[in-house]
Amino acid sequence: MANEMVRIAEVIVDVPANNTDRPFDYRIPPELQDDVQVGSRVLVPFGHRKVIGYCIGIKTASSSMRLKSIIDVMDMAPPLTPELVQLGQVMAEEYLCHTITALQSMVPAVLKGTYQKMVKLHPESREPLFSLLSDPEQQLYSLLEKRGECTWEEVNKIPGMSRSLLKKLIEEERILVEERIGDRVTKQKVTWVWAADADQLRSGLQTLSPRAVRQREILQYFLDHPGEVELSKLLTHIRTTRSTVKRLVEQGWLCWEEREQYRDPYGDRTFGKTEPLPLTKEQQRAFQAIVRPIHEKRAHTILLHGVTGSGKTEIYLQAIEEVLRQKREAIVLVPEISLTPQMVQRFKGRFGKQVAVLHSRLSNGERYDEWRKIRQGEVQIAIGARSAIFAPFQNLGLIIIDEEHETSYKQEENPKYHARDIAKWRAQAHGATLVLGSATPAVESYFKARTGEYEWIQLTERVHGRPFPEVQVVDMREELRKGNRSMFSQLLARSLKECIERGEQAVLFLNRRGFATFVMCRSCGETLICPHCDITLTYHQTNQTVRCHYCGYAERLPQTCPNCQSKHIRHFGTGTQRVEAELLRQFPDIKVIRMDVDTTSRKGAHERLLAQFRDGKAHVLLGTQMIAKGLDFPKVTLVGVIAADTMLHLPDFRAAERTFQLLMQVGGRAGRHEQPGKVIIQTYSPDHYSIHLAATYQTEMFYRQELLIRKRHVYPPFCSLFTIMISHVDRIHLMKYGQQMAQFIRNKAPADCHLLGPVPPPIAKLKDRYRLQMLIKCQTDPKVLVRLKHILHQIENMFDDRELVISMDREIMNFPVGYSDLLETSQSLI
DNA sequence: AGCACGCCGACT
DNA sequence: GTCGGCGTGCTC
């Protein structure tokens with residue numbers, strides 16, 4: 001009886017625009033009653049076209065007068081859970097993006113629709129007398145004669161084709177192009193072979209003609225290896241062909257069958273089963289702390305602050321076992337760069353087929369396979385990079401974010417989310433435990449741990465008791481005074497030589513090839529910084545000025561150092577190629593592997609280069625910080641940081657934090673094995689706290705110092721940040737809009753909101769468009785945030801200029817109130 | 001975002 | 001009259 005009640009679906013349509021960013025109501029036709037659920041992907045008529053949408057709610061009445069009906073449901077089961085649907089709405093609100101954009105970011109690429117407009121001949125237009133037709137008409141007919149239809153673009157290419165002519169001749173249809181989920185994408189057809197009757201195999205061998213060598217071999221194989229085998233495996237074991245096996249099948253000795261199975265990227269690899277390792281006292285303590293909230297099923301965040309080599313992974317593994325025992329699920333986030341086969345192996349080894357792996361090297365189809373294993377409850381553990389945080393589990397018990405300070409957890413495209421925030425929301429919704437693991441946590445996380453918002457657990461001992469490598473800081477100003485103008489200090493050059501002579505390997509770091517260049521005095525090491533923001537000034541070659549990218553302060557490039565009056569003042573920005581050239585000039589006989597954006601852009605190049613280095617094919621590995629993570633080379637005994645300053649002086653309030661983190665990571669790299677390691681840090685600022693405290697392993701001191709500075713200049717965690725980027729082809733217009741926008745925000749924004757800028761960003765002109773950015777620092781208070789977000793929404797419609805593009809971004813550190821309330825209503829729908 | 005509709009100036 | 005350009009407003 002209840003079925004007779006009208007059911008109406010609220011649908012978010014796949015049209016990312018401001019005025020379509022709201023639910024539209026559709027009738028659920030009787031035949032789709034059972035299929036349309038919260039989270040379903042549906043096809044709906046929208047205006048004059050058909051689009052994909054997501055059902056985000058179901059109700060029995062609508063305020064809208066005439067409703068259209070849902071055309072179809074796209075999937076067997078809804079791709080999104082009610083929880084993820086809610087999360088999508090929260091993301092849209094918090095990250096200032098369209099709801100559909102947030103929802104799309106949670107599903108694999110194969111589920112994203114692309115549309116193509118197709119045209120075919122109007123049914124009423126009968127075959128005409130060809131010769132009487134105009135030129136464009138003739139072309140159109142010949143185009144459509146071959147195939148029944150063609151794309152809109154093709155038709156428009158016909159010269160002289162007019163709109164009204166087309167209308168007469170053509171019928172339009174928008175079609176949805178689904179990525180082909182055929183044999184290759186979802187499932188793979190695999191032939192399995194087995195003996196028809198194992199006991200008869202011997203007699204079979206006798207019956208066969210002695211000349212049928214291959215056939216006998218195959219039967220012998222089944223005698224030796226009872227059971228089923230994949231045909232492809234059989235063919236590699238015994239050098240034979242499909243047709244020979246076929247002959248045996250036809251004679252009735254063997255059976256075979258084609259089966260569909262998931263294509264498993266790690267399928268042909270066998271993972272040695274690993275057993276839980278005994279935990280040290282310290283590890284045991286950490287393990288207990290993680291397991292406690294898991295048992296209590298309460299949302300809880302733990303910062304696992306452990307030095308490199310303190311055995312965090314083993315703790316993760318054992319905590320996951322605990323979660324599985326509760327029949328709950330776990331997500332493990334790892335930075336893309338350390339999602340190496342070794343890492344995967346560790347998890348697959350312990351948990352086997354209960355693990356789905358999601359990383360960027362998977363094809364769309366493979367990714368879809370892994371995702372479906374999660375959605376259908378075939379696996380309980382998802383390990384992957386940033387986007388794995390959306391793994392559609394329904395009963396999460398634990399989320400682990402390893403190396404939680406990594407910048408790769410922040411998505412740079414819309415929606416610009418941070419996986420750490422998403423993790424907090426999801427943990428809250430599921431009553432799950434969130435573990436943030438790092439040797440060098442983000443300053444914000446450390447702050448929260450020390451103020452009691454997170455539980456703080458430290459691991460101070462290395463598992464095998466290996467000592468930390470000795471760190472030496474070389475003052476490059478001193479080198480210059482000694483007349484050494486090369487980029488290698490005497491100490492580094494000598495150490496490198498000795499290292500290579502001993503037959504050991506070295507790793508050299510050059511920090512990120514910054515697009516922003518800064519100005520520094522080579523004599524005293526002072527850099528030019530903004531008097532208002534304490535941020536490094538950026539050098540602009542075009543007009544010989546230095547500028548602050550936060551507040552807009554500018555001055556002419558000074559000829560002499562304002563601090564020591566030296567003339568050795570110049571801008572910096574050394575690339576890896578230059579270091580390589582210099583290295584080969586000083587050491588002509590050595591082999592260097594260079595890893596940077598240029599050498600690793602090709603697919604698989606990254607892994608290949610690392611494997612080469614591991615195999616001892618080169619003496620030196622030279623690269624940007626992409627080589628700093630999760631690498632463990634037995635023969636590396638020397639690690640050199642060419643210029644610690646390049647990162648330190650980036651125009652970013654997190655520059656010191658990044659520098660400290662990198663240097664600490666580097667320390668963990670050298671000498672993890674038998675030989676003792678040595679780290680050499682070259683710098684023009686040996687006294688800078690981030691460098692000095694990293695070199696002396698004074699973690700605690702660093703965070704205190706950094707927090708002091710953040711507090712003084714009001715940066716996170718002592719404020720919330722919004723950035724606004726606007727762009728326009730016309731520079732004058734852009735500047736005018738920027739000024740007006742800034743004025744508007746300054747007038748309307750609540751007190752304690754400070755707008756910095758507008759100011760040209762590091763890349764001031766991109767793709768023929770000028771750009772300006774603004775930064776808003778504001779109090780982290782829900783009321784203030786709501787008001788500010790309201791104002792930010794207003795500015796989107798402030799200017800009537802299609803050329804003006806506005807994009808907004810937010811750094812979130814607190815989860816919004818109300819999410820758990822929303823969730824309660826949604827869960828009653830399950 | 002698309003797409004229609006409607007207004008306007010320009011053209012065989 | 002008809003064609004195409006462009007601004008406006010709507011999509012359950």
Side-chain angles (χ1 to χ4, degrees), chain A residues 5-30 32-33 36-38 40-74 85 89 92 96-105 112-120 122 133-137 140 151-177 413-415 727 729 793 796-807:
Chain A
M5 212 192 299
V6 239
R7 291 218 309 160
I8 291 158
E10 295 181 282
V11 174
I12 298 288
V13 291
D14 178 20
V15 181
N18 280 341
N19 41 7
T20 52
D21 187 24
R22 60 192 167 88
F24 287 85
D25 294 349
Y26 287 90
R27 213 180 5 248
I28 303 174
L32 296 178
Q33 279 300 328
V36 179
Q37 298 168 39
V38 172
S40 290
R41 198 165 57 114
V42 293
L43 186 68
V44 292
F46 191 66
H48 313 270
R49 53 205 170 122
K50 295 173 188 169
V51 297
I52 293 257
Y54 282 92
C55 171
I56 61 155
I58 291 171
K59 52 188 186 180
T60 51
S62 172
S63 54
S64 185
M65 279 325 286
R66 44 181 194 284
L67 294 181
K68 291 186 183 175
S69 287
I70 289 177
I71 300 168
D72 206 356
V73 178
M74 306 293 295
V85 168
Q89 288 167 274
L96 312 166
C97 71
H98 300 128
T99 312
I100 191 65
T101 314
L103 294 175
Q104 298 274 36
S105 71
K112 281 168 208 160
T114 51
Y115 306 87
Q116 178 114 57
K117 192 167 152 183
M118 301 297 286
V119 299
K120 50 186 168 191
H122 217 278
L133 294 173
S134 67
D135 248 24
E137 278 178 291
L140 182 69
T151 66
W152 178 253
E153 282 76 31
E154 283 174 288
V155 176
N156 273 300
K157 268 189 226 141
I158 300 171
M161 177 62 72
S162 78
R163 265 266 191 82
S164 49
L165 189 56
L166 270 181
K167 257 198 181 144
K168 257 183 265 166
L169 299 172
I170 265 174
E171 195 180 52
E172 295 175 15
E173 195 193 8
R174 288 182 57 82
I175 63 154
L176 175 76
V177 185
E413 293 91 56
N414 262 327
S727 70
V729 283
H793 275 120
E796 295 200 312
N797 303 315
M798 224 170 106
F799 302 100
D800 186 26
D801 186 339
R802 290 170 134 71
E803 278 298 339
L804 179 69
V805 178
I806 304 170
S807 89

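Convention: sequence-line order gives letters A, B, ...; per-chain numbering from 1.
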Which whole-number value in Å describes the distance from [X] [atom1] to [N] [atom2]?
X	N	atom1	atom2	answer
K50(A)	dG2(B)	NZ	C1'	16 Å
I12(A)	dT11(C)	CD1	P	16 Å
Y26(A)	dC12(C)	OH	P	5 Å
I100(A)	dC12(C)	CD1	P	15 Å
M65(A)	dC10(C)	CE	P	18 Å
I28(A)	dC12(C)	CD1	C1'	13 Å
Y115(A)	dC3(B)	OH	P	12 Å
R802(A)	dG7(C)	CZ	C1'	7 Å

(message) I want to verify a distance call: between dC12(C), dA1(B), dT8(C), whose nearest atom is closest to the S64(A) side chain?
(response)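 That would be dC12(C).
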(message) Among dT8(C), dA4(B), dT11(C), which nucleotide has an atom closest to any side-chain atom of H48(A)?
(response)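 For the H48(A) side chain, the nearest candidate turns out to be dA4(B).
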(message) Using a 3.5 Å distance criterion without hydrogens, assess whether the side chain of R7(A) forms a donor-acceptor pair with backbone atoms of Q33(A).
(response)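 Answer holds: yes.
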(message) Once rounded to the nearest 0.5 Å, what's the spacing between atom CD1 of I28(A) and atom CD1 of I70(A)?
(response)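 Rounded to the nearest 0.5 Å, the CD1-CD1 separation comes out at 5.0 Å.
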(message) Nearest 0.5 Å, please: how far is CD in Q104(A) from CD1 in I52(A)?
(response)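 It is 8.5 Å, given to the nearest 0.5 Å.
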(request) Classify the side chain of N19(A) versus the base of dA1(B) as yes if they form a donor-acceptor pair under 3.5 Å and no if they do not. (result)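 Yes, a donor-acceptor pair under 3.5 Å.
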(message) Just so I know, are the side chains of L103(A) and I56(A) near enough to count as touching, which here means a heavy-atom distance under 4.5 Å?
(response)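 When only atoms from C-beta onward are counted, I56(A) and L103(A) do touch, with a gap below 4.5 Å.
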(message) For a 4.5 angstrom cut-off between non-hydrogen side-chain atoms, does H793(A) reach N18(A)?
(response)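 Result no, sub-4.5 Å side-chain heavy-atom pair not found.
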With sugar-phosphate meaning primed atoms plus P, OP1 and OP2, does [X] contact a base, only sugar-phosphate, or nothing at under 4.0 Å between heavy atoms?
X	value
R66(A)	sugar-phosphate
P45(A)	sugar-phosphate
D14(A)	nothing

